[in-house]
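Counting starts at 1 for both ligands and their atoms, in listed order. Fair warning: this is a prediction, and the values are worked out from it, not measured in the lab.
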Amino acid sequence: MTTVTTPGLERFRGLVSDALLSEIYDLARPLQGVHVLHINTTAQGGGVAALLRVLLPLARELGIPHTWRVVQLDEFAATFMARLTDMLQGGEPGLITPQDQRQFLDSLRSAMQPLVDERADLYYVHDIQLAPLGQLFPYMRPALWFNHIDTARPDPAALQYISQFLDAYALCTFNTPFSVFPQLPAERTAVITLGIDPFSERHAPLSESEGVVLLAGSGIDPTRPLITQVSRFGRWKNPWQVIEIYRLVKQRHPEVQVALVGALEASDDIRAQAILADLQQCAGDDPDIHLLWDPAQLTAPVVNAFQRFSQVILQRSSREGFGLTVTEAMWKYQPVVGTSATGVRYQITHGYDGFLADDAESAASYTLRLLEERELRRQMGEAAHRSVQERFLLPMMLRDYLAALLRVRQ
Ligand code: UDP
């Protein structure tokens with residue numbers, strides 16, 4: 001049988017195995033014409049939007065119609081969900097009062113009003129914010145749910161709360177095996193590998209001379225070493241520790257600079273503004289601490305330049321389902337100094353393609369090694385790029401995604 005190929009997927013020939021591409025074409029065939037509707041809470045910024053932006057066009061090219069709708073949460077629902085996220089990520093126990101639960105479901109019902117007439121063959125609901133949709137709207141069948149946060153160590157009360165909504169889903173999907181809810185039967189769970197599109201503008205090759213211009217335009221002195229964390233200003237991204245590490249490194253290298261790159265729109269975390277204000281205070285009048293948040297300035301090429309041409313990339317998350325920023329930097333030949341947070345330790349192999357350390361002192365000493373040992377940095381950067389090529393490119397995600405759809409469809 002001849003296989004009809006698609007240009008989007010054929011770009012990856014040579015980067016991933018032929019066997020993987022064939023597997024994708026085979027998985028896609030029985031799904032042709034099946035309309036999939038994705039629902040999430042952000043169109044711009046954040047990992048979920050980044051994933052859908054690259055996954056959906058490829059799936060469409062394979063003959064599987066896809067639509068994507070965004071539900072706008074009101075302030076109450078967003079605050080309630082931020083608290084529930086903290087609890088599910090194992091931050092601290094909290095109280096979910098019956099009154100809050102009622103108000104949250106009411107908010108969700110009205111947020112969904114503009115979408116209630118949309119019909120599809122399969123419904124894919126993203127994030128804990130929207131987990132109740134399957135139960136609230138029984139026409140959404142069959143439905144899949146995607147949990148994107150770090151639920152390796154959830155608060156039991158929060159887990160119980162969210163679990164009551166999951167019976168509505170034929171399949172619950174997770175971004176690493178560590179975050180799978182243990183009480184769900186194996187036949188209703190799947191892990192979907194997350195991958196990046198190396199051909200997108202955000203990750204396209206960029207010459208050093210172009211990069212230098214872009215960094216200088218953001219106020220960075222390109223002649224001095226730069227440490228960067230690219231992440232929205234969220235509590236779990238631990239931006240405070242980035243500044244702490246920078247200060248430790250600066251004791252030995254007074255010329256070092258640090259950038260925290262987090263476009264404010266790249267956030268469905270409603271507390272980002274307050275965290276940014278706190279960081280501004282923490283940074284004081286140090287001209288070498290760059291807090292960058294203006295989305296108009298943080299274009300795809302600018303973020304690309306920070307990821308490619310910083311001397312050291314940090315990812316200090318204390319919780320992380322799967323850090324796309326880690327994969328992105330690794331693809332750009334950066335050995336990331338990460339933490340043992342769930343997703344980060346899944347992505348980085350300590351001592352081979354990056355470093356894992358939770359406390360600021362150890363992370364600072366790895367940062368110093370990468371700053372001072374050029375050959376080590378080069379070798380580990382090569383390994384980081386290879387790891388992404390082997391494990392975390394878009395076709396790997398597409399394969400797992402199509403396999404999940406098929407499980408529900410059959
Ligand atoms: N991002 C961006 N601009 C920024 C900060 C982040 O485009 O200023 C992107 C980043 O490149 C990545 C996504 O937002 O693709 C964040 O995904 P990640 O999984 O790292 O974190 P999340 O925000 O989903 O927790």
Evaluate the side chain to side chain donor-acceptor pair (under 3.5 Å) criterion for residues Ser163 and Gln183: first the C-alpha distance (whole Å), next the side-chain angles of each, then the deciding distance (0.1 Å), finally the verdict.
-> CA-CA 9 Å; Ser163 296; Gln183 83 282 8; 2.7 Å; yes
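Considering both main-chain and side-chain atoms, Lys237 comes within under 3.5 Å of ligand 1 through a nitrogen or oxygen pair. Considering both main-chain and side-chain atoms, Leu298 never comes within under 3.5 Å of ligand 1 through any nitrogen or oxygen pair. In terms of polar-atom proximity, Val303 is not counted as a contact of ligand 1, lacking any N or O under 3.5 Å from an N or O of the ligand.
The two residues Trp68 and Leu37 make their nearest non-hydrogen contact at N-CD1, 4.5 Å.
Each of the following atoms of ligand 1 lies closer than 4.0 Å to a heavy atom of Ala263: 4 (C), 8 (O).
Look at Phe322 and you'll find a heavy atom under 4.0 Å from some atom of ligand 1. Residue contacts with ligand 1 do not include His148, since none of its heavy atoms lies under 4.0 Å from the ligand. A heavy-atom separation below 4.0 Å is not found between Gln315 and ligand 1.
Of the options Arg202, Gln44, Gln229, Arg319, the smallest heavy-atom separation from atom 7 (O) of ligand 1 is shown by Arg202. Closest to atom 16 (C) of ligand 1 by heavy atom, among Ala329, Gly47, Gly321, Gly234, is Gly47.
For Glu375 and Arg378, the salt-bridge test passes: some basic side-chain N is under 4.0 Å from an acidic carboxylate O.
A 4.5 Å side-chain heavy-atom check between Leu406 and Leu31 finds at least one atom pair inside the cut-off.
Aromatic ring pairs are classed by plane angle as parallel below 30°, tilted from 30° to 60° and perpendicular above 60°; the pair His66 and Tyr401 is tilted.
Annotation: cation-pi pair Arg369/Phe355 absent, no NZ/CZ under 6.0 Å from the ring centroid and within 45° of its normal. For the pair Arg391 and Tyr346, the cation-pi criterion (under 6.0 Å, within 45° of the ring axis) is fulfilled.
The proximity of Val230 to ligand 1, defined as any non-hydrogen pair under 4.0 Å, is limited to the side chain.
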